[in-house]
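Everything below concerns the one structure shown next.
For reference, positions follow the sequence shown, starting with 1.
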Amino acid sequence: MIRDATDKDLIDILDIYNDAILNTTAIYDYKPHTLEERKEWYKNKKDAGYPLLVFQADNKAVAFATFGPFRSWPAYKYSIEHSVYVHKDYRKNGIGEMLTKELIKIASDMGYAIIVAGIDADNKKSIKLHEKLGFKCSGTITKAGYKFGKWLDLTFFQLELIGPSNPIEE
């Protein structure tokens with residue numbers, strides 16, 4: 001079941017996120033985050049009006065998804081970057097696809113023009129999922145990160161949405 005995250009989900013979200021930091025190249029970070037950092041992140045998402053969704057199974061959040069600004073300058077206001085993370089024990093069940101589709105719907109309803117995904121170039125499953133959902137490759141930055149003793153390439157994908165009916169320059 002997909003639903004809005006609550007502060008009660010933060011422990012599960014933290015567990016999922018820290019596992020991705022420690023065991024994957026999905027996040028170019030080295031150290032696990034704290035609960036206090038997740039609480040601040042949650043507050044910032046909510047205050048900014050961005051969605052924060054969880055997929056609930058077995059009475060806990062087993063995946064989460066959100067989006068936020070692609071870049072901070074005003075002219076990027078119609079572009080967002082999304083993130084989807086699934087607990088290691090719940091992968092390969094279509095949860096990531098369901099959450100991504102829901103984010104696409106929300107982003108469309110909110111009038112965004114582009115959804116960006118920054119994906120480690122070796123993450124073939126995520127790349128395949130994004131291509132299946134209509135995302136197009138927009139380029140790769142080689143040596144964008146260094147983790148687990150190797151250089152990491154970051155590939156960007158984008159999905160064009162309808163966007164606002166009357167974009168403005170403010």
Side-chain angles (χ1 to χ4, degrees), residues 1-29 31-72 76-120 123-136 156-165:
M1 169 178 86
I2 296 174
R3 61 172 174 76
D4 289 329
T6 70
D7 58 350
K8 292 178 178 75
D9 296 310
L10 291 177
I11 292 290
D12 294 332
I13 289 171
L14 181 66
D15 180 51
I16 294 164
Y17 197 75
N18 282 342
D19 180 71
I21 289 172
L22 294 172
N23 298 301
T24 77
T25 55
I27 302 168
Y28 288 13
D29 202 349
K31 295 180 182 176
H33 289 201
T34 66
L35 183 56
E36 287 306 311
E37 288 172 316
R38 281 294 95 175
K39 286 179 180 178
E40 183 69 20
W41 168 82
Y42 174 80
K43 181 185 180 314
N44 290 340
K45 289 286 181 188
K46 293 297 181 181
D47 289 350
Y50 294 120
L52 180 51
L53 307 174
V54 295
F55 189 93
Q56 182 176 320
D58 301 324
N59 295 314
K60 65 181 179 177
V62 299
F64 72 95
T66 189
F67 60 69
F70 172 62
R71 302 192 107 189
S72 62
Y76 289 105
K77 68 182 160 214
Y78 300 115
S79 301
I80 52 170
E81 185 171 4
H82 79 287
S83 301
V84 177
Y85 298 98
V86 180
H87 188 283
K88 63 184 176 183
D89 296 337
Y90 291 84
R91 293 180 189 144
K92 300 181 184 178
N93 292 310
I95 295 170
E97 181 176 349
M98 286 186 273
L99 284 167
T100 304
K101 284 180 177 179
E102 188 64 22
L103 285 181
I104 292 167
K105 180 185 177 311
I106 292 168
S108 293
D109 291 347
M110 291 176 75
Y112 288 104
I114 296 288
I115 298 180
V116 175
I119 305 170
D120 183 78
N123 191 341
K124 303 303 181 201
K125 291 177 184 173
S126 184
I127 289 171
K128 184 177 177 181
L129 168 65
H130 283 82
E131 289 174 337
K132 177 181 176 182
L133 295 176
F135 284 74
K136 304 292 183 212
F156 284 97
F157 284 80
Q158 69 180 58
L159 179 67
E160 190 170 330
L161 305 173
I162 295 170
S165 56

Original post:
Does any non-hydrogen side-chain atom of Thr100 lie less than 4.5 Å from one of Leu129?
Top reply: yes
Subject >> Gap between atom NZ of Lys136 and atom NE2 of His130 - 0.5 Å precision >> reply: 13.5 Å
Original post:
If every non-hydrogen atom of Leu10 is compared with every non-hydrogen atom of Arg38, which pair is closest and at what distance?
Top reply: CD2-O, 4.1 Å
**OP:** Of all the heavy-atom pairs spanning Ala63 and Leu99, show the shortest one and how long it is.
**Re:** CB-CD1, 3.6 Å
Original post:
Out of curiosity, Trp41 CH2 to Leu35 CG, how far, rounded to the nearest 0.5 Å?
Top reply: 11.5 Å
Subject >> Derivation of the side-chain contact (heavy atoms from CB on, under 4.5 Å) call for Leu52 and Asp4 >> reply: CA-CA 6 Å; Leu52 180 51; Asp4 289 329; over 6 Å; no
Subject >> Shortest non-hydrogen separation from Asn18 to His33 and the atoms involved >> reply: OD1-N, 2.7 Å
Original post:
According to the interplanar angle, ranging from 0 to 90°, do the rings of Phe64 and Tyr17 count as parallel (below 30°), tilted (30 to 60°) or perpendicular (above 60°)?
Top reply: tilted
Original post:
Quick one: does Asp120's side chain have a donor or acceptor within less than 3.5 Å of a partner on Ala26's backbone?
Top reply: no
**OP:** Using the side-chain contact (heavy atoms from CB on, under 4.5 Å) rule, take Ile106 and Leu53 through it: C-alpha gap first, then chi angles, then the decisive distance, then the call.
**Re:** CA-CA 11 Å; Ile106 292 168; Leu53 307 174; 4.0 Å; yes
Original post:
Minimum heavy-atom separation for Leu161 to Ser108, with atom names?
Top reply: CD2-OG, 3.5 Å
**OP:** Using a 4.5 Å cut-off on heavy atoms from C-beta on, say whether the side chain of Pro164 contacts that of Tyr78.
**Re:** yes
**OP:** Search all heavy atoms of Val54 against all heavy atoms of Ile13 and return the closest pair with its distance.
**Re:** CG1-CD1, 4.0 Å
Subject >> Interatomic distance, Met110 atom CE to Leu103 atom CG [nearest 0.5 angstrom] >> reply: 10.5 Å
**OP:** Could you grab the distance from atom CD1 of Ile95 to atom OH of Tyr90, nearest 0.5 Å is fine?
**Re:** 8.0 Å
Original post:
So, for Tyr112 and His82, is the gap between ring centers shorter than 6.0 Å?
Top reply: no
Original post:
Just wondering, are more than 12 heavy atoms of other shown residues or ligands nearer than 6.0 Å to CD in Glu160?
Top reply: no
Subject >> Nearest-0.5 Å distance that lies between atom CD in Glu102 and atom CD1 in Ile2 >> reply: 5.5 Å
**OP:** Verify whether one side chain among Tyr50 and Asn44 offers a donor that lies under 3.5 Å from an acceptor in the other.
**Re:** no
**OP:** Check whether any side-chain N or O of Ser83 sits under 3.5 Å from a backbone N or O of Ala65 as a donor-acceptor pair, and report yes or no.
**Re:** no
**OP:** Determine the minimum heavy-atom distance between Phe135 and Ile115, stating which atoms define it.
**Re:** CE2-O, 3.6 Å
Subject >> Atom pair CD/CZ of Gln158 and Phe70 - distance to nearest 0.5 Å >> reply: 9.0 Å
Subject >> Salt bridge Arg3-Asp9, side-chain N to carboxylate O under 4.0 Å >> reply: yes
Original post:
Okay, side chain of Glu97, backbone of Gly94: is any donor-acceptor separation there less than 3.5 Å?
Top reply: no
Original post:
Where do Asp19 and His87 land on the side-chain contact (heavy atoms from CB on, under 4.5 Å) test, with the steps shown first?
Top reply: CA-CA 8 Å; Asp19 180 71; His87 188 283; over 6 Å; no
Subject >> Salt bridge Glu36-Lys39, side-chain N to carboxylate O under 4.0 Å >> reply: yes
